[in-house]
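Notes for the one structure printed next.
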Amino acid sequence: MSLLRALIGTVRSVRHTPRLTAGFVPDDDVLLDAPDERLAPALVAAALADPEPAAKLLATTRDAGEWEDRDRYVTRLATFAYSRDDWLTHWLSAAPRDPDALLVTAQLAVRRAWESPARAERLRELTPLIRTMAEETPHDPVPWRLALDHARGAHAGPAVFESLWEQAVRRSPHHYGCHVAALKYLSAQWYGSHRAAFDFAEQAADDAAPDSLVRALPVRAAHDRLRVVPDRDPSVPEARIDRAADRALALSEVFPTGDPWPAEVRNLLAYVLVERARWEEARAEFGRIGVHATSFPWGAARGAVREDPLRRFLAARDRVRTELARRTPLWDTGGGRAGRGGPGGH
């Protein structure tokens, strides 16, 4: 019987996989961490050692109070400077007190310290720089998000972290990056627990606007919980993970298909849906993602191994197609639904 089931499953896969591929962009068209139309010219110019477009972009976000965009752009520019920082050096030499150049420099310094074997010590050396920069920005929450990340790696105690959090939310009560930084601090991997992370994420999602990415914060907690080995943690029931996915699905449906803005949240949601064997919903989510694969969560290390994120993204899409094909009756022509099937579905 096991051989018969295997043969039938193979026939179903061959018959139905081409139809189930409809709605997915071709593998060769998928891009990893593709910049949006505002950031792309700044990165191209930086590659030519020209910092002016980056300076203008960050100044625009600061003047307009576009804090979510500003946070993303600072992080991406610092990531670019990690391997090519000549443009940043030119920027600082021309404008040594430019708050945007200093913010990118601080973000880069924190990343380099974070990757040091002496992480905590290196990060503590940056404390005066981080605190001074944050305190000199009366409205900008991004330096405070950086301060929160810095404090976690420097092993700051809860009282210190809470004081930084208070300053961050005073500047922007629903800033996604600051909420992610707080969630990481509260995670079981750091100074909290899975239950504490879920409690925080769910409360923040309840308080956020309908189109805020903070609405998807519980699915980030779900991702952390699903990466636990062994897989089961009685402090967080599986139903709570599925409710987090449901919240994120509702948020994802608010945005257009292929929109780069919610791409990381959608990739995170797709990861959770695959882990929960919610194949039909995962298929729909990969369709909404379009060409926009993101390093997180697909690039997260598995133990000591860090896999290629684009390869894992494409492998997850293939798995969804295969699982749906196996669950589709042999002569189904598209009217039936494979639905939420298999272990972990609901």
Under the side chain to side chain contact (heavy atoms under 4.5 Å, CB included) rule, what do Leu58 and Leu103 come out as? Steps first, then yes or no, please. CA-CA 10 Å; Leu58 292 185; Leu103 182 54; over 6 Å; no
Give the intermediate values and the outcome of salt bridge (charged side-chain N to carboxylate O under 4.0 Å, His left out) for residues Arg124 and Glu121. CA-CA 5 Å; Arg124 290 189 192 108; Glu121 181 180 348; over 6 Å; no
Step by step, work out the salt bridge (charged side-chain N to carboxylate O under 4.0 Å, His left out) result for Arg76 and Asp33. CA-CA 9 Å; Arg76 291 295 301 275; Asp33 299 329; 5.6 Å; no
Evaluate the side chain to side chain contact (heavy atoms under 4.5 Å, CB included) criterion for residues Leu108 and Arg112: first the C-alpha distance (whole Å), next the side-chain angles of each, then the deciding distance (0.1 Å), finally the verdict. CA-CA 6 Å; Leu108 176 60; Arg112 286 176 170 162; 3.6 Å; yes
Start with the C-alpha gap between Arg225 and Glu275, add the side-chain angles, then the distance that decides, and say whether salt bridge (charged side-chain N to carboxylate O under 4.0 Å, His left out) holds. CA-CA 11 Å; Arg225 158 63 181 77; Glu275 291 296 308; over 6 Å; no
Check the pair Thr127, Ile130 against side chain to side chain contact (heavy atoms under 4.5 Å, CB included), reporting the backbone distance first and the verdict last. CA-CA 5 Å; Thr127 298; Ile130 300 299; 5.9 Å; no
Given the rule in the ring pair (Phe, Tyr, Trp, His ring centres under 6.0 Å) test, do Phe200 and Trp165 qualify, once you have shown the distances and angles that lead to the verdict? CA-CA 13 Å; Phe200 171 78; Trp165 171 249; 5.6 Å; yes
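In this structure, OG1 on Thr79 lies 10.0 Å from OH on Tyr82, to the nearest 0.5 angstrom. Atoms CZ and OG, on Arg220 and Ser187 in that order, are 10.0 Å from each other to the nearest 0.5 Å. Summarising the geometry, atom CG belonging to Asp100 is positioned 10.5 Å from atom OG1 belonging to Thr105; distances are rounded to the nearest 0.5 Å. The OG1 atom of Thr322 sits 10.5 Å away from atom CZ of Arg327, with the distance rounded to the nearest 0.5 Å. Annotation: the span from His292 atom NE2 to Asp259 atom CG amounts to 7.5 Å, rounded to 0.5 Å. Distance check: Ser295 OG to Glu264 CD gives 9.0 Å after rounding to the nearest 0.5 Å.
Follow the hydrophobic side-chain contacts under 4.5 Å out from Tyr73 and you reach Trp144 in the same cluster. Both Leu129 and Leu88 are assigned to one and the same hydrophobic cluster, defined by single-linkage of ILVMFWY side chains at heavy-atom distances under 4.5 Å. Note: the hydrophobic cluster containing Ile289 also contains Leu314 (ILVMFWY, side chain heavy atoms under 4.5 Å, direct or indirect links). Using a 4.5 Å cut-off between side-chain heavy atoms of Ile, Leu, Val, Met, Phe, Trp and Tyr, with links allowed through other members, Phe198 and Val180 fall into different hydrophobic clusters. Tyr176 is not connected to Leu249 by any chain of hydrophobic side-chain contacts under 4.5 Å among Ile, Leu, Val, Met, Phe, Trp and Tyr, and they are in different clusters.
For His150 (side chain) and Leu123 (main-chain N/O), a donor-acceptor pair under 3.5 Å exists by modelled atom type. When atom types are taken as modelled, the side chain of Arg247 and the backbone of Ala216 share no donor-acceptor pair closer than 3.5 angstrom. One N or O on the side chain of Tyr191 and one on the backbone of Arg152 form a donor-acceptor pair closer than 3.5 Å. Judged purely by atom type and a 3.5 angstrom limit, Arg84 uses its side chain to pair as donor or acceptor with the backbone of Ala47. In terms of modelled atom types and a separation under 3.5 Å, the side chain of Arg171 and the main chain of Gln167 share a donor-acceptor contact. Counting only distance, with no hydrogens or angles, the side chain of Arg283 and the backbone of Arg321 share no donor-acceptor pair below 3.5 Å. Side-chain atoms of Trp67 never come within 3.5 Å of backbone atoms of Val142 as a donor-acceptor pair (strictly under, hydrogens ignored). The main-chain N or O of Ala248 is never found under 3.5 Å from a side-chain atom of Ser252 such that the two would form a donor-acceptor pair. In this structure a side-chain-to-backbone donor-acceptor pair under 3.5 Å is missing from His175 to Val169.
If you check the side chains of Gln203 and Asp199, you find no donor sitting under 3.5 Å from an acceptor. Judged by distance alone, the side chains of Gln107 and Arg111 never bring a donor and an acceptor atom under 3.5 Å apart.
Between Trp261 and Glu68 there is a side-chain heavy-atom pair separated by less than 4.5 Å. For the pair Gln189 and Asp224, the minimum side-chain heavy-atom distance is 4.5 Å or more. Counting heavy atoms from C-beta outward, Thr89 and Leu92 have side chains that stay 4.5 Å or more apart. You'll find the side chain of Leu183 reaches within 4.5 Å of the side chain of Leu217, heavy atoms only. Residues Val274 and Trp279 have side chains in contact (heavy-atom distance under 4.5 Å, counting atoms from C-beta outward). Taking the side chain as every heavy atom from C-beta outward, Val254 and Pro210 never approach each other to under 4.5 Å. When side chains are defined from C-beta on, Leu43 counts as touching Leu77, because their heavy atoms get closer than 4.5 Å. Tyr271 is not listed as a side-chain neighbour of Val219, based on a closest heavy-atom distance of 4.5 Å or more.
Minimum heavy-atom separation, Ala222 to Ile241: CB-CG2, 3.8 Å. Pairing each heavy atom of Ala46 with each of Asp86, the nearest pair is O-OD1, 4.5 Å. Shown here for Val30 and Ala293, the closest heavy-atom pair between the two residues is CG1-CB, 3.7 Å. The shortest non-hydrogen separation linking Trp91 to Asp98 is NE1-OD2, 3.5 Å. Scanning both residues, Leu32 and Pro309, for their nearest heavy atoms gives CD2-CG, 3.7 Å. Listed here is the closest heavy atom pair of Ala168 and Leu148: CB-CD1, 4.2 Å.
None of Arg145, Arg62, Arg70 except one satisfies the salt bridge (charged side-chain N to carboxylate O under 4.0 Å, His left out) rule with Asp140; the exception is Arg70. Among Glu281, Glu285, Glu238, Glu323, the single residue meeting the salt bridge (charged side-chain N to carboxylate O under 4.0 Å, His left out) criterion with Arg276 is Glu238.
Aromatic ring orientation, His155 versus Trp190: tilted (interplanar angle from 30° to 60°). Using cut-offs of 30° and 60° for the angle between ring planes, the Phe80 and Trp87 rings count as tilted.
Contact check on Arg278 versus Asp246 returns a salt bridge, with a Lys/Arg side-chain nitrogen under 4.0 Å from an Asp/Glu carboxylate oxygen. The pair Arg240-Glu202 meets the salt-bridge criterion, since a charged nitrogen lies less than 4.0 angstrom from a carboxylate oxygen. Using a cut-off of 4.0 Å between Lys/Arg side-chain N and Asp/Glu carboxylate O, Arg38 and Glu66 are scored as salt-bridged. A salt bridge does not link Arg72 with Asp69: none of the charged nitrogens is closer than 4.0 Å to a carboxylate oxygen.
Within a 6.0 Å radius of CZ in Arg119, more than 12 heavy atoms belonging to other residues, nucleotides or ligands are found. Other residues, nucleotides and ligands contribute over 12 non-hydrogen atoms within 6.0 Å of the CD atom of Glu115.
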